Amino acid sequence: MNMATDPAKISPLTELLQRQRASYLAAPNPDYAIRKERLTRLKTALLNYQQPLVEALSQDYGHRSTDDSLISDIMPVVNNINYSLKNLKKWLKPSRRHAGILLAPAQVKVHYQPLGVIGIIVPWNFPVMLSIGPLVTAIAAGNHAMLKLSEFTPATNKVIKQLLAEVFDESHVAVVEGEADVAAQFSALPFDHLLFTGSTTVGRHVMRAAANNLTPVTLELGGKSPVIIAPDMPLEIAVERMIYGKCLNAGQICVAPDYVLCPNAKVSDFIQAYQAKFLAMYGEVAKNKDYGSIINARQFDRLMAVLEDAKTKGAKIISASNEAIDSQNRKIPTQLITQTTEDMLLMQEEIFGPLLPIIGYDTLDEAISYINLRARPLALYVMSFDEANQQKILQQTHSGGVCINETVFHVAADDAPFGGIGPSGMGHYHGKEGFLTFSHAKTVLSRGRFNTGKFVHPPYGSFIQRMLMKLFLR
């Protein structure tokens, strides 16, 4: 690893990484009891800081639903800690593997040891779950960690920093803040593993920077996650199953439904069903505390530009609540959009907000083809009770994950991996797969006193070697 040794030339981030690595090397493989104690203290601190975190999140957003923050940002982390504590002892045990006849008698085991120092780059949309969540897994795997928090959530960052400081010394878990230049420096550090959650565009820069140090990366990106409403699906049920996923955090979530593929004959009925359900859930958005704001003016202006681009190019736009957009409070009811074309920004970029294109299709094969001709999404949502339709879509499409007759909730499955594919991501974390991602699987072969290896030593051509060739090269 190419780390500077001249103190005058060492950046603060590099110095912090060096301190973390030295601290890690002083105790490079903490046992189960130590890891359990760390996770337990982290859980206690998180529970104690629930209210300050909720208040800080709402402050950063201008307004954010208390329940949204509890359900989507804090509760998943508590569940993750509980799940890790329940399974950690089992994960830590070396796994026995078969040595095979050729190597017998020998014992082969795989040991899972910590990687060292993990870098975690956190986005602004779920700053608690996407910072402390990966940290839980890193701690369970025995690592130290540095977290780069988003510059767009300063109030939340302050609380997270205080929370973590009560549990960990900075040489074990450190919080880094700053603008894009700090993020670039952070991603260029020679971590033992780097986890980035964010856009595909920035993910490319992160991977490029990590490549200079041969730092392995896990990229949790996004993309345009589709909803397929199959011909058999009642529209009221389809809307009921998908609307929460689109409205959670005002659509500012990487696995939010990005667009809907709906049978052509049912598009108008889908819009009516969506409007009815939206009004039942949120009423007037401007006055509703359950519906969140767009995080800042920059993101609000981006969404307005995308919407205006679609309108200028001929799209039809219908508000789910029949309200005007509240620009002062940055509240946007779902904007249902039809008559889209491929040259619209709406159809080229991940939306990451409450805009919902609805694209008609005539056959299920046509809908599947539409998805397959585009970048592989982080999530795919299938609305159908017909098992043949379900299996057809599962077998003929690629995506990071799938929900059948549901949206977004697969992210909360602790005992399953989460990750994208292609432009929507690389690698997995959550659950056991997360533990494995942040661990080195080290194969250990051991022999006793009897050494069969000598039978393949030179001089070659002996009887035993000829027998081995006949046995195994056939």
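Position 1 is the first residue of the sequence; numbering continues from there. This is a predicted model, so every value here is computed, not measured.
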Query raised in the report: Looking at the rings of Y429 and F438, which for Trp means the six-membered one, are their centres under 6.0 Å apart?
Result: no
**Report entry** E166 and R41: CA distance, side-chain angles, deciding distance, salt bridge (Lys or Arg N to Asp or Glu O under 4.0 Å) verdict
**Finding:** CA-CA 9 Å; E166 289 188 7; R41 284 193 292 120; over 6 Å; no
Query raised in the report: With side chains defined as the heavy atoms from C-beta onward, is the minimum distance between D60 and P154 less than 4.5 Å?
Result: yes
Tell me which donor-acceptor pairs under 3.5 Å the side chains of residues 127-142 have, and how far apart each pair is, sequence neighbours excluded?
from: S131; atom 1: OG; to: P127; atom 2: O; distance (Å): 2.5
from: S131; atom 1: OG; to: V128; atom 2: O; distance (Å): 3.1

Query raised in the report: Would you call I271 and T338 a side-chain contact if the rule is heavy atoms closer than 4.5 Å?
Result: yes
Query raised in the report: Do D258 and F352 come close enough that some side-chain heavy atom pair is under 4.5 Å?
Result: no
Requested in this report: On the 0 to 90° scale, with breaks at 30° and 60°, tag the F168-H172 ring pair as parallel, tilted or perpendicular.
Outcome: perpendicular
Query raised in the report: Is R21 close enough and on-axis enough to Y24, meaning under 6.0 Å and within 45°, for cation-pi?
Result: no
Report task. Answer yes or no: is there an ion pair linking D309 with K313, defined by an N-O contact shorter than 4.0 Å? Result -> yes
Report task. Tell me, yes or no, whether the heavy-atom count around K161 atom NZ, taken from other residues, nucleotides or ligands under 6.0 Å, exceeds 12. Result -> no
Report task. Would you please indicate if the ring centroids of F409 and Y244 are separated by under 6.0 Å? Result -> yes
Query raised in the report: Checking ring-ring contact (aromatic ring centres under 6.0 Å, His included) for the pair F152/Y61: CA distance, chi angles, key distance, verdict?
Result: CA-CA 9 Å; F152 300 126; Y61 271 78; over 10 Å; no
Please list, one pair per line, the donor and acceptor atoms closer than 3.5 Å that link side chains of residues 285-298 to other protein atoms, with sequence neighbours excluded.
from: N288; atom 1: OD1; to: D290; atom 2: N; distance (Å): 2.6
from: N288; atom 1: ND2; to: Y282; atom 2: O; distance (Å): 2.5
from: Y291; atom 1: OH; to: I332; atom 2: O; distance (Å): 2.7
from: S293; atom 1: OG; to: N329; atom 2: O; distance (Å): 2.9
from: N296; atom 1: OD1; to: R298; atom 2: N; distance (Å): 3.3
from: N296; atom 1: OD1; to: Q299; atom 2: N; distance (Å): 2.8

Query - Side-chain heavy atoms of L189 within contact of Q185, under 4.5 Å - result: no
Query raised in the report: Tell me the salt bridge (charged side-chain N to carboxylate O under 4.0 Å, His left out) pairs involving residues 404-422, sequence neighbours left out?
Result: none
Query raised in the report: Hey, are E342 and R374 close enough for a salt bridge, meaning a charged N less than 4.0 Å from a carboxylate O?
Result: yes
Query raised in the report: Taking NZ, NE, NH1 and NH2 as the nitrogens, is one of them in D326 or K331 under 4.0 Å from a carboxylate oxygen of the other?
Result: no
Requested in this report: State, yes or no, whether a side-chain contact exists between E220 and M426 at a heavy-atom distance under 4.5 Å.
Outcome: no
